[in-house]
Number of protein chains: 2
Amino acid sequence: MDVTIYEVARRAGVSIATVSRTLRGTGPVAAKTREKVLKAVEELNFTPSRLGVSLAEGRHAANGVVFPDLAGPYYAEVLLGYEEVASELGRSVIILSTKGRTRVGDLIKDLAGRVDGMLIFGHTVPEPLVAELVRLGVRLVFVSRDPLPGADTLRSENTASARALAAHLADHGYERFAFLGAPLTSHDDVDERWRGVRSVLGGAIEAVDTGHYTVECGHEAATKLLKGRDRPRAIVCSDDEVALGALLAAEELGLDVPGDVAVTGWDDIMAARHARPALTTVRQPMRELGARAARALDELITGVRDTPSHHTLATAPVIRASCGHHPQEVRT
Amino acid sequence: MDVTIYEVARRAGVSIATVSRTLRGTGPVAAKTREKVLKAVEELNFTPSRLGVSLAEGRHAANGVVFPDLAGPYYAEVLLGYEEVASELGRSVIILSTKGRTRVGDLIKDLAGRVDGMLIFGHTVPEPLVAELVRLGVRLVFVSRDPLPGADTLRSENTASARALAAHLADHGYERFAFLGAPLTSHDDVDERWRGVRSVLGGAIEAVDTGHYTVECGHEAATKLLKGRDRPRAIVCSDDEVALGALLAAEELGLDVPGDVAVTGWDDIMAARHARPALTTVRQPMRELGARAARALDELITGVRDTPSHHTLATAPVIRASCGHHPQEVRT
DNA sequence: CCGCCGGGTGAAAGCGCTTACAGACATGCG
DNA sequence: CGCATGTCTGTAAGCGCTTTCACCCGGCGG
């Protein structure tokens, strides 16, 4: 990777400008000259240095993606959708996970210096830093957070599906519910889900904090909940991983799902379909979320659009076995 | 992001060389000068352009990761382990998925121009291109492929664990087995698993091709297999996703697992533990695979080591419910 | 009092490319 | 035949940084 445009030019007997023009198709080049250049390029196996190109062009042709973790399938799926489109658009994707990182600010700033724009998940980045990035003119797209000025936001619908899910559970005839989720403080997806559910179930549902959205935390919180008196008849979980933890807890306690207690998740990750029993959840178009984010970012970078856009993608409940018995078996 | 080192120098009343020296701590700088420079940096909120630094330094401080897909949890996990260490070592990671891509060669070459080295999964990249990359002097680490000259390889153990798994199944008293996997042609992980299993079970096991390592392919192949006459008593799957497909197939056909047919997977992905029934599988240290790869690549790049190394990480069967009934319940 | 040494600094040469600008050379027209 | 008009090509100025080299200057030993 250390043959430069100068060597090509020398070998072809032309100037580096001509080589550049030939390769990029900018400006006129005589057919004979082009041929000579291409031949030299071929022989030397020349690939323009990305660094040189970027420096001269003043753009990176790369995007960043910032996420808290890749452990669950959610981020991986969105990332995948993103990468596919970004690559199509000729941009590389640089990833940055913030989990367990100290000095996230520095990492983000370094990243900002390597890309033309970035996708940031939810509230991964502290608000002041977000403001600074916006001020610096970094093109930003946020996935799954509430709209903010100066950047695109993209998320999937929560409230309506939460209502639909709650209504479905109510139809099963249950009367006491619990909502298992992480801190319900910030304006994030889970908060909206909680509010959607509560708007239907009202005082019949109580919120329980799990700390994090993981199987372990769900397991722990559910165990406590199910062991206690006044065990809820149905547990609505903030996401699938917490729900899987709840399922495990019920199993260990010898409780039948959905006979003794119903459980629902959110996201429809791979494991949901295969769980014991199959998990009723809400499907998020994760890959499309990523794909749309990539296109949005591209618009921002190329300047096709300069006013922030805020979109919400539709979601839908996926009714499986964990929420209760259904007359005719539904299979997904 | 457009304040340059020149502006800082002007504001601090020094030359750009001094600014650079101050910031990088290379060369002597008088305390008073340093202070002036730092003050100017602070006021202008200066961050050195990554492009400029890289061009001058002749290195990218970035690594690439090439994988076929991020759909399953396997790649995501390895990637996560990789990113964590790479970031610790001050390197960004650029991802490239080859799934459904045409002109993979160009993509890889472009990537090669953006990084100091890369991690490539298995046989994602066509062999001639691998050779070219090696020839070009790109630092390479391959994960889960057989050793090749000129690059590091890192994989997890297959044969011994496959034998152990097969022995365990034999202990259950089964006599007819099937191996469900993708084309057993290349020298890859699955091939080793197959040979390990067969070395124990001999003629009692037959291989069935699934085409791809996906739930759908596993489902399809297993359905055919289980519907046919001479249904095997146990199905050893090439990986967890195929196994999940097999589990689904058995369920649909009204067959009890492990009562009517036993099923095992490989990888111990998240869904394995939660499957109906919990899936017996082999645990691969996915995250560690990634972490080790990152360190190996770093050694290659920094020049600490220049001879390729080839390592194999240990794996172990995880016995759960899908392989048969066990006297005392094992829970993981 | 002289010469040396070394800390501190700046000028300038890259790093590999793109592109504005200008020059060279044909060609076509009046 | 002269000139305008193109077409093609080369020169050189960046892009933002690192680093070598040379230089200046004060302090020290001789």
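Please read all numbers here as calculations on a predicted model, not as lab measurements. Numbered from 1 within each chain, the chains take letters A, B, ... in sequence-line order. Excluded from the calculations below are hydrogen atoms, water molecules and symmetry mates; all remaining heavy atoms, backbone and side chain alike, are included.
- When the P atom of D:dG16 is taken as reference, atom CG of A:L51 falls 14 Å away, rounded to whole Å.
- Residues from residues 29-44 of chain B with heavy atoms under 4.0 angstrom of DNA chain C, sorted by number: B:V29, B:A30, B:T33.
- Just one residue in the list A:L111, A:I95, A:L107, A:V143 forms a side-chain contact (heavy atoms from CB on, under 4.5 Å) with A:V66, and that residue is A:L111.
- For B:T22, there are no side chain to side chain donor-acceptor pair (under 3.5 Å) partners at least two apart in sequence or on another chain.
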Requested in this report: Could you walk me through whether B:E43 and B:K39 pass side-chain contact (heavy atoms from CB on, under 4.5 Å), step by step?
Outcome: CA-CA 6 Å; B:E43 288 171 359; B:K39 181 153 165 290; 3.2 Å; yes
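- Shown are B:V85, B:L89, B:N63; of these, the side-chain contact (heavy atoms from CB on, under 4.5 Å) with B:D298 is made only by B:L89.
- A close approach under 4.0 Å does occur between a side-chain nitrogen or oxygen of A:R24 and OP1 or OP2 of C:dT18.
- Two residues, B:E57 and B:V14, neighbour DNA chain C, and the one matched to the more 5' nucleotide by heavy-atom proximity is B:V14.
- For A:T18 and D:dG10, the shortest distance from a side-chain N or O to OP1 or OP2 is below 4.0 Å.
- Looking at every heavy atom in both residues, B:F142 comes nearest to B:L119 through C-CD1, 4.5 Å.
- Nucleotides of DNA chain C nearest to A:I5 and A:R21 differ in position, and the one nearer the 5' end is that of A:I5.
- In terms of polar N and O atoms assigned as donor or acceptor, the side chain of B:Y6 never comes within less than 3.5 Å of the base of D:dC15 in a complementary pairing.
- At the heavy-atom level, A:P48 lies under 4.0 Å from the strands shown only through sugar-phosphate atoms.
- In this structure, A:S20 reaches the C:dT18 phosphate: one of its side-chain N or O atoms is under 4.0 Å from OP1 or OP2.
- For A:I16 and D:dA12, the CD1 to C1' distance is 9 Å, given to the nearest whole Å.
- Side-chain atoms of A:R50 stay outside donor-acceptor range of the base of C:dG16, with no qualifying N/O pair under 3.5 Å.
- At whole-Å resolution of the value, CG in B:L55 and P in C:dC17 are 9 Å apart.
- Picking from D:dT11, C:dT18, C:dC15 the nucleotide with the shortest atom distance to the side chain of B:A56 gives C:dC15.
- Which of C:dA11, C:dC17, D:dC17 sits closest to the side chain of B:S15 comes down to C:dA11.
- The neighbour count for B:E35 CD, taken as heavy atoms of other residues, nucleotides or ligands under 6.0 Å away, does not exceed 12.
- In plain terms, the two heavy atoms of A:L154 and A:A293 that are nearest each other are CD2-N, 3.4 Å.
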